[in-house]
Amino acid sequence: MSEAMALLAIFTLAIFVGFEVVSKVSSTLHTPLMSGANAIHGIILVGAIIVASHSHTSLELGLSIAAIILATINVVGGFVVTDRMLEMFKGKKKS
Amino acid sequence: MSEAMALLAIFTLAIFVGFEVVSKVSSTLHTPLMSGANAIHGIILVGAIIVASHSHTSLELGLSIAAIILATINVVGGFVVTDRMLEMFKGKKKS
Amino acid sequence: MSRNLYDLMGLAAAVLFILALKGLSSPKSARRGNALGALGAFVATIIVFFYPGEKGELPLDNLGWILGAIAIGVVIGVPAARMVKMTQMPQMVALFNGVGGGAAALVAIVEYIKLGESASFAAVLATVFTVVVGCISFSGSIVTFLKLQELMTTRPVILPFGRTLIFANLAAVIGVSGWVMSELGTSPLLILAGLSLLFGVLFVLPVGGADVPIVISLLNAFTGLTVAASGYVLEATLLIVAGTLVGASGTILTRLMAEAMGRSLFGTLFGAFTQKAQDATGTGEERPVKSGSPEDVAILLNYARRVVIVPGFGLAVAQAQHTVREMADLLSAKGIDVAYGIHPVAGRMPGHMNVLLAEANVPYEQLVEMEEVNPTFAQTDVALVVGANDVVNPAAKTTPGCPIYGMPILDVQQSANIIFLKRSMRPGFAGIENELLYDPKTTLLFGDAKASLTKVVSALKSL
Amino acid sequence: MSRNLYDLMGLAAAVLFILALKGLSSPKSARRGNALGALGAFVATIIVFFYPGEKGELPLDNLGWILGAIAIGVVIGVPAARMVKMTQMPQMVALFNGVGGGAAALVAIVEYIKLGESASFAAVLATVFTVVVGCISFSGSIVTFLKLQELMTTRPVILPFGRTLIFANLAAVIGVSGWVMSELGTSPLLILAGLSLLFGVLFVLPVGGADVPIVISLLNAFTGLTVAASGYVLEATLLIVAGTLVGASGTILTRLMAEAMGRSLFGTLFGAFTQKAQDATGTGEERPVKSGSPEDVAILLNYARRVVIVPGFGLAVAQAQHTVREMADLLSAKGIDVAYGIHPVAGRMPGHMNVLLAEANVPYEQLVEMEEVNPTFAQTDVALVVGANDVVNPAAKTTPGCPIYGMPILDVQQSANIIFLKRSMRPGFAGIENELLYDPKTTLLFGDAKASLTKVVSALKSL
Ligand SMILES: NC(=O)c1ccc[n+]([C@@H]2O[C@H](COP(=O)([O-])OP(=O)(O)OC[C@H]3O[C@@H](n4cnc5c(N)ncnc54)[C@H](OP(=O)(O)O)[C@@H]3O)[C@@H](O)[C@H]2O)c1
Ligand SMILES: NC(=O)c1ccc[n+]([C@@H]2O[C@H](COP(=O)([O-])OP(=O)(O)OC[C@H]3O[C@@H](n4cnc5c(N)ncnc54)[C@H](OP(=O)(O)O)[C@@H]3O)[C@@H](O)[C@H]2O)c1
């Protein structure tokens with residue numbers, strides 16, 4: 001099996017996992033889930049770091065540094081804000 | 001990424017898909033689901049055909065022919081028997 | 001390009017399998033799901049005949065043999081699946097699972113023979129794993145078949161020194177596996193296969209009849225994993241995906257089934273290793289029971305306000321589903337409140353009763369699940385137990401250590417009167433005495449369920 | 001070996017992301033799920049610093065720049081996330097999503113500059129896709145932010161010739177994409193980026209305020225897909241898996257959110273292309289309304305047998321959750337049956353009301369979901385609407401074409417009396433008039449919800 005095929009298989013399976021995992025979420029959790037998923041795609045940070053480390057012109061470096069900053073805001077802020085939302089659900093347990 | 005890693009990733013994702021897809025099945029469907037899954041693993045038929053086509057000694061050929069027969073019984077019989085079970089659920093729709 | 005095309009079709013087959021499992025998980029789409037699975041298997045099998053080799057050639061030698069073998073398999077498999085009686089489906093599934101496991105083991109043996117000195121450790125490991133687990137799945141499934149078909153006792157079989165035996169067997173399997181892996185050789189592999197077959201037998205023997213479906217489900221998951229391992233050795237992604245899917249979903253399913261039966265998964269599966277003496281109340285005691293005539297039963301029913309019918313395996317054996325419906329309709333027409341109390345594992349497969357009663361067009365809203373019907377027994381005048389036994393046996397609550405202990409039951413003893421329709425005092429599937437038969441509230445109507453019900457119906461009509 | 005180790009850790013990070021989404025889907029495990037996701041992101045980021053190149057060397061040039069940029073991101077992101085008010089979380093999520101999309105687009109632009117003549121068609125396609133979709137996600141998210149923050153109107157913005165404009169824009173994006181793909185060049189790419197940014201704006205402008213969260217969710221899924229595409233170009237499996245997960249789950253989530261709001265997904269998203277004039281009943285008419293004093297309200301409540309409290313966005317603004325609970329406890333103590341009717345999209349995010357009321361320790365069993373509470377309004381004496389508007393607006397049923405048409409609402413008009421606590425006659429989020437305010441059954445108590453409730457509580461105590 002070629003590498004491209006393997007990647008395609010991974011892509012396909014990941015689609016199913018993504019679909020199935022959230023398909024029964026209650027509406028109460030829509031926003032935190034969206035926010036958490038949003039934080040996860042901040043992992044483009046990894047891509048930004050990779051391109052930054054291979055940047056040799058100042059244009060490339062500038063763009064990728066900007067990408068790193070934005071991606072970091074996404075990933076760090078995303079998880080923190082999600083956690084804050086979820087914190088408020090705690091109260092419910094008591095009752 | 002090495003080929004082995006790609007296969008491992010595929011394996012891991014398939015585990016999640018398998019888990020998630022059936023995790024909320026009602027007990028009424030346990031038996032048909034088991035039976036259907038059972039038919040799916042009959043796809044070892046493909047493996048049996050591959051080894052049979054590369055068999056050069058009569059021992060190898062004999063074993064792989066036996067494997068093909070067994071696997072065919074598994075896959076064909078499995079889907080037919082599952083279908084028969086499910087056929088009986090039809091009646092319910094009328095009411 | 002052409003290879004990529006076939007790879008794409010292989011991926012499509014894998015997706016079809018996923019959709020099959022997804023479909024099978026919901027009543028509405030179950031049948032379509034099964035059809036998708038069959039389509040996936042078909043596509044996958046076709047591809048392999050046309051898959052070009054590295055240099056573009058078609059690689060299938062021995063084509064005649066292969067096609068012949070497939071034909072034989074079809075000729076055996078289809079009629080077997082078509083002709084099996086509904087009551088015998090579970091054993092059929094067990095058999096099919098067994099042959100699948102056997103096929104995986106055979107494939108692995110051939111692979112092993114072909115493995116060169118240069119084979120990677122992972123490939124050797126995967127091959128040996130497949131041989132061991134495939135053989136266990138094969139022999140284990142055969143034993144479950146024999147149990148379900150009642151060709152051997154359905155009660156747990158406790159061998160003398162059984163525990164020592166199975167531990168020794170396990171040790172031998174592990175030891176020989178190591179040997180087989182360190183120096184490739186066909187004879188040690190065959191010894192390993194033999195030991196694994198034996199292990200499968202010892203593993204399943206101590207499992208009580210009622211737990212057999214759980215074991216089949218587990219062996220099914222095992223077979224799935226062997227298929228995935230074979231896929232790794234043969235570099236066939238489709239087999240990896242399909243096998244893993246079955247392995248993972250089978251594992252979950254096994255747990256769900258154990259939960260539905262109120263069994264501890266661990267206790268069920270490792271009975272062989274722990275082997276607590278499971279003491280069951282002895283069978284065949286001579287104690288007084290109250291038996292009645294069809295007319296007595298008809299009168300009891302006629303003056304009830306609420307009747308709950310509890311169907312069990314005997315209803316399936318007697319094929320009395322139409323008759324029971326006729327009776328229920330009669331009672332409803334007299335203004336009596338009638339419901340069917342459905343235990344999740346009544347019969348011999350989950351959903352067995354729903355299937356049977358649906359066949360007789362029983363109105364869906366009369367079928368009440370265990371959790372919902374149980375609180376209503378206290379307001380029930382007559383609980384009519386038709387060919388059920390284990391699912392109403394209070395021993396599940398009162399007798400720790402008995403094979404069904406811990407299983408939730410239908411609380412028929414809460415109702416004002418209990419009627420049992422069965423042929424004899426013989427116990428049910430789990431092989432244990434039912435105290436309820438001796439309860440003063442209980443009336444027994446002996447005979448085949450269908451015959452008895454027919455008599456009750458005519459008695460009801462003449463009242 | 002060492003590379004394999006890092007690959008394994010990458011796989012572990014992917015698994016953590018899956019477990020994160022799984023955890024986030026169930027209330028009990030949501031917080032742990034989020035923590036697992038953060039752990040996954042941490043692991044993934046660490047790996048990339050140590051991942052050895054083909055020849056075993058550590059490949060990170062520009063390390064100082066990279067670490068500095070991360071530090072800046074942390075210094076901006078964490079305080080922003082910590083300090084944002086609860087009522088502004090949705091806009092925050094929109095912003096974070098936007099910057100993520102922007103980052104993906106920037107990464108793709110750099111990738112594009114580096115692409116040699118030998119780049120495969122698939123790689124070029126993936127790069128251009130990322131630039132386009134990342135830019136759309138960026139500018140679209142900024143517009144949703146502006147709408148939610150009410151820095152611009154929350155009502156659908158219909159530009160003159162809007163439809164022509166957006167079709168032209170779309171055609172331009174497609175055309176320029178083709179150009180960029182056929183001959184690599186930086187300036188056409190920047191033009192493409194500009195066109196895509198514009199498209200994002202035009203796409204989101206016509207979306208009515210109430211539908212904004214749906215659009216954020218969709219843009220979130222888009223960003224996920226761009227991450228997956230970047231992963232393909234950079235050969236980073238982790239990015240493929242993580243991006244695809246977000247893309248797939250985001251798509252489902254978008255559909256679920258649209259369903260929960262009773263919106264047609266298609267209509268919401270392609271409003272820009274269809275642009276039916278959504279006529280809303282004009283605001284600010286001069287019609288008579290019945291307003292009351294806190295004492296009037298207290299009396300109505302005091303003699304009710306059943307009161308349903310309908311909280312909305314205004315409750316959150318006024319932070320009146322504790323006061324409303326105090327009042328509800330008072331009523332309960334008087335033997336009045338009190339329930340809260342929770343609309344799925346009351347407030348500014350799904351679950352907003354549950355969160356708020358849980359904060360005030362309102363007993364869980366008093367929170368009743370819309371489907372369950374609606375049939376009880378006919379038996380309800382007083383429906384007390386606290387800072388809600390759209391979620392009880394009958395226009396959702398009666399006025400086709402209005403922005404909330406088709407959304408299921410709480411049927412307060414079925415109850416004997418309706419009390420509205422709000423500050424003015426201004427409409428709610430969707431910007432449409434609520435006929436119910438003019439209903440003869442309705443009493444209005446003007447003022448901040450917390451102040452009004454405090455007065456009602458003291459009036460109740462002195463009764
Ligand atoms: N549903 C599943 O998934 C599944 C699978 C495998 C095993 N099991 C096990 O099977 C059992 C099911 O419980 P159950 O109560 O349905 O069945 P059961 O405990 O096996 O009892 C069936 C009863 O039906 C009577 N019977 C048999 N043929 C009859 C006929 N023609 N007319 C009238 N009565 C007849 C038998 O008594 P006579 O011989 O005296 O007539 C027997 O007592 C449980 O132990 C369960 O764990 C279930
Ligand atoms: N939940 C979500 O996911 C989500 C996300 C985004 C948008 N939305 C949309 O938001 C809306 C939610 O409906 P809703 O009924 O909860 O809110 P709404 O329709 O926005 O109505 C809120 C009402 O509260 C009043 N109010 C504001 N501040 C107040 C205060 N301090 N004291 C008293 N009253 C106050 C306002 O009237 P005055 O100004 O006259 O006081 C307004 O009429 C729906 O259109 C929904 O689609 C929902």
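For the numbers below, each heavy atom of this structure counts, side chains included, while hydrogens, waters and symmetry mates do not. A, B, ... follow the sequence lines: proteins, then strands. Residue 1 opens every chain.
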Original post:
Looking at V110(D), N220(D), L234(D), V233(D), which makes the most heavy-atom pairs under 4.5 Å with chain A?
Top reply: N220(D)
Subject >> Proximal component of L45(A), with respect to chain D [non-hydrogen, under 4.5 Å] >> reply: side chain
**OP:** Check each atom of T57(A) against the heavy atoms of chain D and say whether the ones under 4.5 Å are side chain, backbone, both or neither.
**Re:** neither
Subject >> Heavy-atom proximity to chain A below 4.5 Å, by part of L21(D) >> reply: both
Subject >> Which atoms of A20(D) approach chain A - backbone, side chain, both or neither, heavy atom under 4.5 Å >> reply: side chain
**OP:** Any chance you could measure W65(D), atom CH2, to I68(A), atom CD1, to the nearest 0.5 Å?
**Re:** 11.0 Å
Subject >> R84(A) (side chain) donor-acceptor with A81(D) (main chain) under 3.5 angstrom >> reply: yes
Original post:
Is there side-chain contact between I216(D) and N38(A), with heavy atoms separated by less than 4.5 Å?
Top reply: no
Subject >> Close side-chain approach of E20(A) and I252(D), heavy atoms under 4.5 Å >> reply: no
Subject >> Donor-acceptor contact below 3.5 Å, side chain N34(D) vs main chain L86(A) >> reply: no
**OP:** Please check if the side chain of S35(A) supplies one atom and the backbone of T31(A) the other of a donor-acceptor pair under 3.5 Å.
**Re:** no
Subject >> Under 4.5 Å from any heavy atom of chain A - which part of I70(D) >> reply: both
**OP:** Find out whether L357(D) and I342(D) are in side-chain contact, i.e. whether some heavy atom of one side chain is under 4.5 Å from a heavy atom of the other.
**Re:** yes
Original post:
Can you tell which of L245(D), L238(D), I47(D) has the highest number of heavy-atom pairs within less than 4.5 Å of chain A?
Top reply: L245(D)
Subject >> Point-to-point distance, once rounded to the nearest 0.5 Å, from CE of M353(D) to NE2 of H343(D) >> reply: 11.5 Å
Original post:
Given that the side chain runs from C-beta out, which part of I66(D) has a heavy atom under 4.5 Å from chain A: side chain, backbone, both or neither?
Top reply: both
Subject >> Most chain A-contacting option - heavy-atom pairs closer than 4.5 Å, from T223(D), I76(D), T186(D) >> reply: T223(D)
Original post:
Which residues satisfy the salt bridge (Lys or Arg N to Asp or Glu O under 4.0 Å) test with E111(D), sequence neighbours excluded?
Top reply: none
Original post:
Are the side chain of S217(D) and the backbone of P213(D) linked by a donor-acceptor contact shorter than 3.5 Å?
Top reply: no
Original post:
Which answer fits L13(A), side chain, backbone, both or neither, if we ask what part of it has an atom under 4.5 Å from a heavy atom of chain D?
Top reply: neither
Subject >> Side chain S137(D), main chain V133(D), donor-acceptor under 3.5 Å >> reply: no
**OP:** Considering only heavy atoms and a distance below 4.5 Å, find which of I72(D), I109(D), T226(D), T251(D) pairs most often with chain A.
**Re:** I72(D)
**OP:** Find the one option among S249(D), A44(D), G77(D), G33(D) whose heavy-atom pairs under 4.5 Å with chain A are most numerous.
**Re:** S249(D)
Original post:
With no hydrogens and no angle check, is any side-chain donor or acceptor of H56(A) less than 3.5 Å from a backbone partner on H54(A)?
Top reply: yes
**OP:** Between chain D and each of G36(A), G42(A), G47(A), count heavy-atom pairs under 4.5 Å; write down the option with the most.
**Re:** G47(A)
Original post:
Top residue by heavy-atom pair count (under 4.5 Å) with chain D, among V80(A), L59(A), V22(A)?
Top reply: V22(A)
Subject >> Atom group of A48(A) that falls short of 4.5 Å from chain D, counting heavy atoms >> reply: both
**OP:** Side chain from CB out, backbone as N, CA, C, O: work out which of these in S26(D) comes under 4.5 Å of a heavy atom of chain A, or both, or neither.
**Re:** backbone
Subject >> Contact origin within V51(A) toward chain D - heavy atom pairs under 4.5 Å >> reply: both
Original post:
By a 4.5 Å heavy-atom criterion (distance strictly below it), what part of V76(A) contacts chain D: side chain, backbone, both, or neither?
Top reply: side chain
**OP:** For chain A, find which of L95(D), T254(D), L239(D), V241(D) contributes the most heavy-atom pairs closer than 4.5 angstrom.
**Re:** L239(D)
**OP:** With a 4.5 angstrom heavy-atom cut-off, could you sort out which part of F42(D) is near chain A: side chain, backbone, both or neither?
**Re:** neither
